[in-house]
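Presented below is the structure to which this report refers.
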Amino acid sequence: MNSVIDTTVIVVFSVFIMIIGLLFSRTGRNLKSFFAGGEAVPWFIGGLSLFMSFFSAGTFVAWGSIAYKYGWVAVTIQWTMCIGGLVTGLYIAPKWKATGNLTAAEFIKDRLGENVQKSFIYIFMLVSLFIKGSVLYSVSKLVGSSLEFPLIPVTLVLGIFMIAYTAVGGLWAVMVTDILQFVILTTAVLLIIPLAFTEAGGVHSFVSKVPDHFFEAVNGEYTWGFIAAFALYHIFYIGGNWTFVQRYTSVDTPKSASKVAFLFAGLYIVSPVLWMLPPMIYQTINPGLTGLETENAYLMVCKQVLPAGLMGLILTGMYFSTSASANTALNVVSAVFTNDVYKGTINPGASDEKLMKVARTSSWCFGFGMILIALIVPYIGGIVEFTLSVGAITGGPLLAPPIWALFSKRITGKATIFITMISLAVNLIFKIVLPLLTDDKLSRANEMLLGVLLPFVLLLAYEIYAAAKGKLSAEYLDLQLRKAVRDAKVIVVDEKEAAEIKRQNKFGLQVISFSLGFIALMLYILCAFTAKGTVMVAVIATIILLSAWIPYHASKKNMEALAPIE
């Protein structure tokens with residue numbers, strides 16, 4: 001590994017991505033354009049962005065650790081995300097788009113009342129900071145360890161860079177980053193796999209050296225009960241996480257919202273296999289890692305097999321995959337605070353200019369909270385324990401009730417709050433209180449089952465009770481009256497705003513096309529420095545260069561659609 005070349009690669013791509021963010025600094029005219037791309041984002045861009053927003057360096061650190069220790073079960077776990085995407089595409093994503101709301105919090109206020117909305121907002125903001133703080137910790141550990149920099153300053157620098165990018169560019173900047181780092185990361189992973197197999201002595205040698213049960217679908221503490229619970233959790237998470245809901249509401253129609261989720265599901269069929277092979281292979285190269293050392297398995301195999309320049313490339317991909325995930329969360333948390341707290345409660349008459357200032361300022365404030373969480377992750381059990389425990393405790397109670405409200409005519413605001421709080425309390429008791437009192441704790445599978453099944457059972461029980469009593473939610477009936485009034489109004493199309501949205505989308509597509517060309521050029525330059533894998537790098541660079549035509553062609557079609565408006 002040549003740290004000078006790898007550091008140069010990271011710096012060059014980082015500066016380039018920041019420039020891309022600055023290019024979008026003037027596209028955020030109002031909340032709708034800044035947080036939802038004018039609700040006219042192409043579905044394939046929304047789908048790729050959803051895929052990469054879900055994905056982060058934590059995938060390599062947390063799931064890579066599981067793949068190293070237990071093998072194929074790491075792929076099985078991630079296939080539950082595909083199930084969540086399919087169910088979301090069939091039923092949930094089009095429902096979110098059909099609500100006509102900009103954010104999930106806005107829907108909760110419309111359907112369940114302002115008090116419920118405020119309670120969910122505060123819980124969501126807190127949980128988002130914890131989850132994305134853990135994500136920032138993952139990439140800081142990878143970059144710091146590989147380049148031999150101290151963890152704390154790396155965390156601060158990378159965190160500030162993430163915040164600045166989100167605060168400047170809004171949703172389009174975040175989505176362009178998603179596309180670029182998808183390309184960078186896919187390139188790096190495709191290069192690692194054959195080099196890792198070569199290092200392990202070939203496929204046959206790898207297969208013959210793995211531990212018993214390494215290729216079984218479930219292994220260790222990750223049982224079929226855990227997999228079933230995790231699949232249900234991901235239906236809630238992919239269908240109801242406020243970060244992902246933004247991807248469904250930022251496209252033009254409910255059908256496009258479904259396509260966003262289906263593309264996500266399709267990508268999660270293939271990608272877990274590609275991602276988890278390197279740490280699985282490394283188990284046969286260096287089987288001696290234990291404890292938290294296994295979190296470095298992916299990094300170690302990269303350092304061992306990648307030539308100069310390509311290590312920097314994969315670190316860039318890992319960083320920007322994390323950046324995409326954290327940027328999306330910051331964008332949504334900022335959207336919720338600006339649209340639903342500041343505009344909705346503090347200053348309802350605020351101008352677009354004022355709201356944009358609040359949006360960018362809140363991105364910085366929440367971002368610094370994320371950095372603080374990242375700094376404490378090593379002291380609370382490591383990334384695997386942290387990620388799975390936060391998901392088990394909060395996922396079902398926070399995400400299931402709003403999804404239920406999308407379909408139910410009977411669930412009320414009071415019932416929603418009661419079910420959420422009871423579920424959170426029970427989960428916290430079994431996760432934290434009982435282990436302290438009795439020195440006993442739930443297994444990983446039972447912890448996850450409790451977290452997702454308890455709110456589901458409580459919601460179902462209330463639905464059956466309300467149906468037996470013939471009750472309909474007063475909030476639901478009130479929403480139907482307001483919808484009828486809105487539908488009766490004549491919708492006036494603002495042609496100037498429609499033209500601006502088309503210009504914004506055309507510009508975004510052109511930037512993606514140019515950026516893909518830039519990535520291809522950088523890969524061609526790297527060919528001069530790579531001692532192995534040079535032909536593969538050149539081939540991948542050529543494919544990326546040719547693929548730049550796709551967004552360019554889409555931008556030309558957008559220009560043709562813009563001409564009649566002008």
Side-chain angles (χ1 to χ4, degrees), residues 17-18 21-22 24-25 27-36 53 56 102-106 108-109 117-140 152-174 177 241-246 319 322-377 386 390 394 398:
I17 292 295
M18 193 65 201
L22 291 172
F24 285 96
S25 62
T27 62
R29 303 174 310 283
N30 49 44
L31 290 186
K32 186 176 179 180
S33 66
F34 190 76
F35 289 127
S53 298
S56 73
L102 180 65
T103 65
E106 193 174 60
I108 292 171
K109 180 180 178 180
Q117 180 207 39
K118 288 180 179 178
S119 300
F120 271 73
I121 282 174
Y122 298 136
I123 298 172
F124 169 76
M125 288 180 178
L126 183 62
V127 171
S128 293
L129 289 181
F130 273 91
I131 292 176
K132 297 314 169 184
S134 70
V135 165
L136 175 58
Y137 159 78
S138 298
V139 74
S140 299
I152 291 178
V154 169
T155 302
L156 291 172
V157 171
L158 297 184
I160 290 172
F161 185 89
M162 290 179 186
I163 304 165
Y165 190 81
T166 306
V168 167
L171 181 62
W172 256 110
V174 171
T177 307
N241 184 284
W242 295 8
T243 300
F244 306 146
V245 168
Q246 190 189 34
Y319 168 64
T322 304
S323 177
S325 176
N327 286 349
T328 300
L330 287 176
N331 186 261
V332 173
V333 169
S334 177
V336 168
F337 176 81
T338 306
N339 188 64
D340 303 300
V341 177
Y342 184 81
K343 181 183 176 184
T345 304
I346 299 173
N347 189 1
S351 65
D352 283 337
E353 182 180 357
K354 179 65 175 177
L355 291 172
M356 292 306 302
K357 289 181 180 178
V358 172
R360 290 189 166 106
T361 301
S362 61
S363 291
W364 281 98
C365 293
F366 291 119
F368 282 117
M370 176 187 72
I371 292 173
L372 290 175
I373 297 299
L375 294 175
I376 67 172
V377 169
F386 187 91
V390 170
T394 66
L398 184 61

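Start at 1 with the first residue, then count along the sequence. These figures come from a predicted structure and were not determined experimentally. When reading the values below, keep in mind they use all heavy atoms of this one structure, side chains included, and skip hydrogens, waters and symmetry mates.
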Among all residues two or more places apart in sequence or in another chain, which pass the side-chain contact (heavy atoms from CB on, under 4.5 Å) test with Ile346?
Val341, Tyr342

Side-chain donor or acceptor of Gln117 paired with backbone N/O of Ile108 under 3.5 Å:
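Checking the backbone N and O of Ile108 against the side chain of Gln117, no donor-acceptor pair under 3.5 Å is found.
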
To the nearest 0.5 Å, atom CD1 of Ile123 lies from atom NZ of Lys118 at 14.5 Å

Mind listing the side-chain donor-acceptor pairs of residues 154-163 below 3.5 Å, one per line with the distance, residues two or more places apart or on another chain?
residue : atom : partner : partner atom : Å
Thr155  : OG1  : Ser140  : OG           : 3.3
Thr155  : OG1  : Leu151  : O            : 2.8

